[in-house]
Number of protein chains: 2
Amino acid sequence: MGTRQEISALPPEADLARADSLAREIFSDVANKWAFLIIEFLGQRTMRFTELRNEVGGISHKMLTQNLRMLERNGLVERTIHPTVPPRVEYTLTEAGEGLRAVVDGMCGWTQRYLGHIESSRSSFRDPAG
Amino acid sequence: MGTRQEISALPPEADLARADSLAREIFSDVANKWAFLIIEFLGQRTMRFTELRNEVGGISHKMLTQNLRMLERNGLVERTIHPTVPPRVEYTLTEAGEGLRAVVDGMCGWTQRYLGHIESSRSSFRDPAG
DNA sequence: CCGAATCCTATACGATACTG
DNA sequence: CAGTATCGTATAGGATTCGG
């Protein structure tokens with residue numbers, strides 16, 4: 001009992017409330033800036049490494065590699081190696097990755113909608129510490 | 001021209017594609033583990049500092065303070081100080097914060113739905129580096 | 001072209017101690 | 001109780017170099 005496979009009547013967010021350790025681990029992995037940007041851009045189409053790097057912009061070679069490995073490990077991204085010279089490696093979202101993409105899209109929409117609010121909140125904010 | 005206030009016919013995610021620097025900055029601030037967890041739990045109800053710390057779990061005093069300041073600066077969280085002894089400080093989501101909460105809820109749902117997929121992908125994953 | 005390894009710096013983060 | 005400051009360590013992250 002208490003396994004992931006149980007069918008639960010609780011709302012999705014209750015899982016975090018129950019301090020589910022795997023769910024939290026996934027949050028830690030996936031809820032970060034680079035992962036979100038990668039998911040967002042890969043959602044547009046399959047891309048090669050360098051192409052993706054250019055699209056995301058501002059990400060180092062190393063960070064892109066690390067994040068792609070992490071996303072691959074979690075089954076959100078699939079890596080296809082074409083054994084040509086020079087090698088051609090393509091990255092695609094899996095079904096799970098597409099599901100996350102919907103979430104990221106939601107965040108993009110949210111950002112758009114509240115951009116003005118956030119901007120004005122920032123300019124009027126005074127840190128209590130001074 | 002080119003300001004935030006323009007009405008755009010493009011889909012929300014196109015903003016990131018245009019490398020909008022403010023939108024990216026917001027992504028960097030908000031798309032992180034602690035911010036998401038805080039938003040998620042604060043969405044359930046208004047809470048005091050220590051109460052929230054217990055709910056989130058595993059977050060240090062310092063990190064909670066830092067993230068709450070950041071969320072306040074961006075107008076996602078409102079801080080109310082009751083001038084009593086000892087001080088009572090309550091945190092609540094703003095309307096923008098509630099909007100983001102919907103996104104985080106979406107991610108909780110996604111996590112639930114793909115937990116099994118992720119778990120099995122993890123166990124079969126072999127790092128190409130060995 | 002893609003990726004691993006190395007080196008180095010900046011920041012994240014935790015622990016602790018102090019203030020109103 | 002809530003917050004700040006300071007210190008120490010760990011990890012994130014960039015630049016570069018080498019290899020398949």
Side-chain angles (χ1 to χ4, degrees), chain A residues 24-39 41-42 45-74 77-92 125-130, chain B residues 24-39 41-42 45-74 77-92 125-130:
Chain A
R24 278 177 182 260
E25 212 182 304
I26 295 169
F27 251 65
S28 302
D29 268 17
V30 170
N32 84 71
K33 176 177 78 158
W34 293 131
F36 268 40
L37 288 171
I38 290 169
I39 292 289
F41 287 109
L42 264 193
R45 68 177 189 283
T46 292
M47 283 185 223
R48 301 179 63 176
F49 184 89
T50 305
E51 199 176 359
L52 180 57
R53 182 152 134 79
N54 292 332
E55 288 288 331
V56 171
I59 189 172
S60 70
H61 189 116
K62 182 183 175 181
M63 275 304 102
L64 183 55
T65 304
Q66 277 184 14
N67 277 275
L68 283 171
R69 285 292 169 283
M70 177 275 287
L71 293 171
E72 199 190 347
R73 185 174 90 94
N74 286 309
V77 161
E78 192 181 316
R79 175 148 133 272
T80 312
I81 306 168
H82 298 89
T84 58
V85 183
R88 179 184 188 85
V89 183
E90 295 190 320
Y91 293 92
T92 317
F125 181 69
R126 290 287 163 264
D127 194 312
Chain B
R24 277 176 183 259
E25 213 182 305
I26 294 170
F27 252 63
S28 303
D29 268 17
V30 170
N32 84 71
K33 177 178 79 160
W34 292 131
F36 269 40
L37 288 170
I38 290 168
I39 291 289
F41 287 110
L42 264 193
R45 66 176 190 283
T46 292
M47 284 185 221
R48 300 179 62 176
F49 185 90
T50 304
E51 198 176 358
L52 180 57
R53 183 152 132 80
N54 292 333
E55 289 287 332
V56 172
I59 189 172
S60 70
H61 189 116
K62 183 183 174 180
M63 275 304 100
L64 184 55
T65 304
Q66 278 184 12
N67 277 274
L68 282 172
R69 286 291 171 283
M70 177 275 287
L71 292 171
E72 200 191 345
R73 184 174 90 94
N74 286 308
V77 161
E78 191 181 316
R79 175 150 135 270
T80 312
I81 306 168
H82 298 89
T84 60
V85 183
R88 179 183 187 84
V89 182
E90 295 190 321
Y91 293 91
T92 316
F125 181 71
R126 290 287 163 264
D127 194 313

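- Summarising the geometry, the separation between CD1 on Ile81(A) and P on dC2(C) is reported as 11 Å, rounded to the nearest angstrom.
- With contacts defined as side-chain heavy-atom distances shorter than 4.5 Å, the pair Met63(B)/Val56(B) does not qualify.
- Taken to the nearest 0.5 Å, the CZ atom of Arg79(B) stands 10.0 Å off from the CZ atom of Phe49(B).
- Close approach of DNA chain D to chain A, defined as any atom under 4.0 Å from a non-hydrogen atom of the protein, starts and stops at dT4(D) to dG20(D).
- Counting to the nearest Å, the P atom of dC13(C) and the CD1 atom of Ile38(B) are 11 Å from each other.
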I'd like to know whether Ile59(B) forms a side chain to side chain contact (heavy atoms under 4.5 Å, CB included) with Leu37(B), so could you lay out the CA-CA distance, the side-chain angles of the two residues, the decisive distance to 0.1 Å, and finally the verdict.
CA-CA 10 Å; Ile59(B) 189 172; Leu37(B) 288 170; over 6 Å; no

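- Atom-to-atom distance recorded for Arg69(B):CZ and Phe125(A):CZ is 6.5 Å, nearest 0.5 angstrom.
- Here the CG-CG distance, from Leu52(B) to Leu68(B), works out to 6.0 Å after rounding to the nearest 0.5 Å.
- Interface residues of residues 45-53 of chain A facing DNA chain D, ordered by number: none; criterion, heavy-atom separation under 4.0 Å.
- For His61(A) against dG3(C), a side-chain N or O and a base N or O form a donor-acceptor pair under 3.5 Å.
- Judged by closest nucleotide on DNA chain D, Asn67(A) is the one of Asn67(A) and Pro87(A) placed further toward the 5' end.
- Side-chain proximity of Pro86(A) to dC2(C), dC1(C), dG14(C): nearest is dC1(C).
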Would Ile38(A) and Tyr91(A) count as a side chain to side chain contact (heavy atoms under 4.5 Å, CB included) here? Give the steps.
CA-CA 10 Å; Ile38(A) 290 169; Tyr91(A) 293 92; over 6 Å; no

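- In this entry the distance linking NZ of Lys62(A) with P of dA10(C) reads 15 Å, nearest Å.
- Computed from coordinates, the Lys33(A) NZ to dT11(C) P distance equals 12 Å when rounded to whole Å.
- For the atom pair CZ of Arg45(B) and CD of Glu51(B), the computed distance is 5.0 Å after rounding to the nearest 0.5 Å.
- Asn67(B) places a side-chain heavy atom less than 4.5 Å from the side chain of Asn32(B).
- Of all nucleotides listed (dG3(C), dG14(C), dG20(C)), dG14(C) comes nearest to the side chain of Met63(B).
- A 6.0 Å sphere centred on CD of Glu78(A) holds no more than 12 heavy atoms belonging to other residues, nucleotides or ligands.
- Distance, Trp34(B) CH2 to dC13(C) C1': 10 Å, rounded to whole Å.
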